[in-house]
A.B. asks: 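Input: one structure, supplied below.
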Amino acid sequence: MAVSPLSAFRSAARNQTARFLVRRLGRLAASMLGLLTISFAMIHVIPGDPVRAALGPQASASLVEQRRAELGLDKPILEQYLDYVTGIFTGDLGTSLVSNLPVSQIIADRLPNSAQLAGIAFVVIMGLAVPLGMLAAVLTRDGRGRTTELVFQGTTGVLAVVPGFVLGVALVYLFAVELGWFPVAGQTGPESYVLPVAALCIGSIAALARIVRAETLDVLGEDYMRTARGKRLPARLEYLRHALPNMLTSTVTIGGLLLSGLVGGTVLVEIVFAWPGLGVTAVSSVTQQDFALAQAIMVVLGAAVLVANLAVDLILGFLDPRSTIREQ
Amino acid sequence: MTTIRILVACCLVAVVSACSDAGGGEGNDQPELAEGATFTTSINADPGNLHPLTTVSAITNSVVTFAYDSLILVDPEGEIRPYLAEDWEVTGARVTFTLREGITCEDGTELTADAVAANFEWIADPENASPRYGSGLENYTVDSDDVSRTVTITLEKPFGFLLENAGSMLIVCPGGLADPKSLSQETDGTGPFALSDYVADDHVTMTAREGYAWGPDGASTAEPGFPAEVVIRVVRDPSTAVNLFLAGELNDIGASGPDEARLEGQGFDVTEFPGGPAEMWFNQREGLPTADPDVRRAITMALDLDALTPVLTEQAGERAHDLTTILPDPCRTDSIEGTLPEFDPEGAGELLDSAGWTTGSDGVRTKDGQPLSLTASYASGEPALDAGLELVTQLLEDVGVEVELKGEGQNAFLATLFEEDPPWELAFLSAAISYPSGLVVFASGPLPPQGQNFAAIDNPDYERLADEAQGTPGQEGCELWAQAEGALFERADIVPIAITLAKIYTRGASYDYGLGATSIRMYR
């Protein structure tokens with residue numbers, strides 16, 4: 001039976017896409033297994049005795065032993081690991097050593113707050129950094145706007161290197177303590193999102209805007225852009241239809257990395273703003289050696305990063321079918 | 001300095017409450033009382049499990065004392081005041097409490113003598129693994145009579161602090177005791193507030209109970225200016241907590257170090273209370289240089305405690321007088337005077353010489369080829385302690401003792417202390433004790449892992465005097481405890497250095513921490 005060249009191409013493309021998906025999902029599964037193992041190992045190598053810490057120095061030795069047995073901490077380490085992995089796959093994340101609450105309940109309570117913060121921050125970053133970077137590129141292309149370039153480069157260069165939590169402290173002092181415009185801390189209403197989101201966003205907006213500007217400048221120098229300008233296309237069409245799609249690949253890549261970074265970045269910002277998210281709980285569970293909770297949070301945060309990376313790879317693969325990422 | 005809370009029937013509100021005296025302050029004129037207001041305070045960690053009979057956390061105790069009452073209140077002066085119990089009678093090994101009439105639980109049921117007795121039976125049940133059981137309050141029988149509203153606890157042997165210890169235990173209502181798991185996130189007590197909202201790692205909200213009139217000395221929630229709600233926010237970062245206070249979002253704040261400097265001189269009311277002591281403990285296991293009393297005494301004599309005190313307390317403390325610093329501190333004695341070796345570096349050197357430790361060419365003393373090199377273990381992360389230990393190192397080097405500082409995280413330090421063969425000769429810690437009997441398990445008895453005598457102290461004089469003091473009530477008992485502590489200092493088993501004075505700032509409210517939650521008043 002004769003096969004048309006077009007259907008052969010489509011079939012090959014489908015096969016390539018399927019292989020790409022299988023490879024990526026396989027890597028995700030392997031990474032998850034590594035994450036489970038590392039999260040278990042890390043919490044167990046932290047020096048200290050969680051039961052003694054929880055019960056205090058005045059607790060008798062017999063009481064400490066009794067509690068340790070209740071928590072299964074007297075079992076061989078391999079058995080504890082198998083219990084842990086089995087629990088993860090059966091949905092039993094265990095019980096918090098400190099609060100006695102099911103770990104799954106704690107995570108369900110806290111995760112949405114962190115996700116909201118990170119999600120809003122991501123949207124703001126992408127929504128501001130891309131147009132800002134493109135605008136800076138347009139205003140400074142071909143050696144124009146030297147002052148604008150200096151101001152843009154200087155400002156974004158400084159803001160990009162200031163850690164979010166340091167920025168957070170400064171924002172709180174100025175806008176909450178001194179001016180009283182926003183709440184100092186906590187999740188008390190829409191206004192309480194402003195400062196933590198700003199602390200998370202400002203550095204990333206500055207960093208991404210610099211990259212977008214550089215990418216846009218490259219794209220604007222391409223032949224097809226000169227052709228577009230030669231056809232006297234309206235600026236809106238020139239930049240949005242021709243320039244934007246061509247600098248989107250690198251922007252999405254960087255955006256994905258920023259999203260992964262936000263997962264970790266929210267931890268410190270949440271502490272500064274006493275935000276009821278997973279980051280604060282993560283820190284307390286590690287310091288208190290609340291094994292079950294700390295392990296579960298590490299897995300959830302790690303999985304969020306892995307899934308974000310997978311999503312970026314898939315988006316890149318589908319945005320640009322010629323991308324070499326599909327071959328990796 | 002890291003605090004090892006060895007609280008015997010004394011928890012944070014007992015630490016804060018009992019610990020601070022009223023008001024004081026930099027003198028704000030209090031404005032008009034506010035009705036239906038919310039008192040907002042903060043804690044620096046999640047309170048976790050709210051069961052008052054299973055927690056040892058001072059933070060958790062600071063929360064649950066809004067919802068639970070005790071039989072008596074030991075005020076900051078050490079006086080005992082009526083609370084749930086209107087009367088009591090104590091002999092050496094027996095105490096009888098008589099309950100007030102009309103006390104009700106959150107669910108409206110009356111609190112009976114049987115229900116109170118059930119609390120003491122509950123903590124004694126090994127299955128419940130309650131840390132409240134022990135340290136003197138152990139091996140007892142409980143009798144109760146609902147008609148006469150009396151609860152009697154009889155120990156096997158006399159215990160000098162029986163009244164204070166048993167009377168300070170928070171009482172849980174029958175519904176809570178029947179379903180103890182529910183108490184991890186709910187309350188079921190007789191206190192002035194009942195828990196209305198708890199979001200882990202974020203906040204706890206307590207709502208005032210109507211009709212409550214059985215607080216200390218009959219205090220009630222119907223008083224003008226009493227808050228309708230108490231909100232306890234979890235704020236981990238101390239600077240954030242101070243920001244919240246400065247912005248008017250908190251009514252009180254405990255602050256220290258650089259953050260406290262932001263509060264000073266701004267006209268807020270301030271209450272001072274003694275915090276944890278700074279102490280040095282010697283590991284006396286066989287084969288270690290510090291097993292030798294002469295070495296311990298020489299090291300003690302080499303330390304200038306007057307110079308160390310301001311460094312360790314960031315200029316906000318004083319020299320310790322005894323080992324019990326946390327109020328109510330019923331035994332206010334000076335067990336150090338005349339017992340603790342005084343600062344005398346020359347004498348320290350001579351003592352080491354006579355003990356066979358001779359100075360080598362590098363300035364470090366040696367004996368039988370072994371250098372006098374000691375490891376000092378401590379919980380790191382507190383700048384004042386870091387600075388203080390640098391000074392300790394320098395002072396000991398001056399007499400030929402080499403010191404290696406080993407700082408660890410709080411939990412790791414605690415684990416290191418309780419190792420079977422711990423890798424330290426000196427440990428710097430803060431044993432925050434309110435009753436001298438609380439020290440016994442740490443200064444005598446079996447070593448870890450069987451016991452809690454982590455420094456391997458073997459002091460027959462202390463054990464004899466402590467045993468005698470254990471069964472002696474009142475001032476006579478306190479004198480014996482002072483002698484027992486003195487025996488520890490004479491042999492340089494423990495060196496108390498300083499006490500930190502903690503401060504609580506208040507705005508928009510007044511709070512007599514010594515009298516508990518019923519003393520809160522809100523202002524416009």
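Only heavy atoms go into these numbers, but all of them, side chains included; no hydrogens, no water, no symmetry mates. Per chain, numbering begins at 1; letters A, B, ... match sequence-line order.
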A.B. asks: Identify which part of P126(B) has an atom lying under 4.5 Å from any heavy atom of chain A, answering side chain, backbone, both or neither.
C.D. replies: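 When you check distances to chain A, only backbone atoms of P126(B) fall under 4.5 Å.
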A.B. asks: Would you say OH of Y81(A) has more than 12 non-hydrogen atoms from neighbouring residues, nucleotides or ligands within 6.0 angstrom?
C.D. replies: yes
A.B. asks: V280(A) versus chain B, heavy atoms under 4.5 Å apart: side chain, backbone, both or neither?
C.D. replies: both
A.B. asks: Could you please state which residues from residues 101-113 of chain A sit under 4.5 angstrom from chain B, measuring non-hydrogen atom to non-hydrogen atom, sorted by number, or 'none'?
C.D. replies: L101(A), R110(A)
A.B. asks: Contact between Q80(A) and L73(A) at the side-chain level, heavy atoms closer than 4.5 Å - yes or no?
C.D. replies: yes
A.B. asks: Quick one: are the ring centres of W424(B) and Y378(B) less than 6.0 Å apart?
C.D. replies: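 No - the distance between ring centres of W424(B) and Y378(B) does not fall below the 6.0 Å cut-off.
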A.B. asks: Identify which of A185(A), G168(A), G180(A), G277(A) forms the greatest number of heavy-atom pairs closer than 4.5 Å to chain B.
C.D. replies: A185(A)
A.B. asks: Could you please spell out the steps behind the side chain to side chain donor-acceptor pair (under 3.5 Å) verdict for T205(B) and E229(B)?
C.D. replies: CA-CA 7 Å; T205(B) 304; E229(B) 271 190 344; 5.7 Å; no
A.B. asks: Determine whether S239(B) and D259(B) satisfy the following criterion, side chain to side chain donor-acceptor pair (under 3.5 Å), listing intermediate values before the conclusion.
C.D. replies: CA-CA 6 Å; S239(B) 298; D259(B) 285 315; 3.1 Å; yes
A.B. asks: If you define the side chain from C-beta out and look only at heavy atoms, does anything of L93(A) sit under 4.5 Å from I88(A)?
C.D. replies: yes
A.B. asks: Using a cut-off of under 4.5 Å on heavy-atom pairs, state which of D237(B), L246(B), L244(B) scores highest against chain A.
C.D. replies: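 Ranked by contacts with chain A, first place is L244(B).
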A.B. asks: Examine whether an atom of Q450(B) lies under 4.5 Å from a heavy atom of chain A, and if so say whether it belongs to the side chain, the backbone or both; otherwise answer neither.
C.D. replies: backbone
A.B. asks: Measure P449(B) against the heavy atoms of chain A and call it side chain, backbone, both or neither at under 4.5 Å.
C.D. replies: backbone
A.B. asks: Write down the atom of A199(A), the atom of F273(A), and the distance for their closest heavy-atom approach.
C.D. replies: CB-CE1, 4.0 Å
A.B. asks: Determine, step by step, whether S39(A) and Y84(A) satisfy the side chain to side chain donor-acceptor pair (under 3.5 Å) criterion, reporting the C-alpha distance in whole Å, the side-chain angles of both residues, the deciding distance to 0.1 Å, and the verdict.
C.D. replies: CA-CA 10 Å; S39(A) 63; Y84(A) 164 61; 2.7 Å; yes
A.B. asks: Among the options A200(B), A247(B), P448(B), P131(B), pick out the one with the most heavy-atom pairs lying under 4.5 Å from chain A.
C.D. replies: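 The residue among A200(B), A247(B), P448(B), P131(B) with the greatest pair count is A200(B).
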A.B. asks: Could you go through the side chain to side chain donor-acceptor pair (under 3.5 Å) check for Y198(B) and E186(B) one step at a time?
C.D. replies: CA-CA 8 Å; Y198(B) 176 19; E186(B) 297 169 10; over 6 Å; no
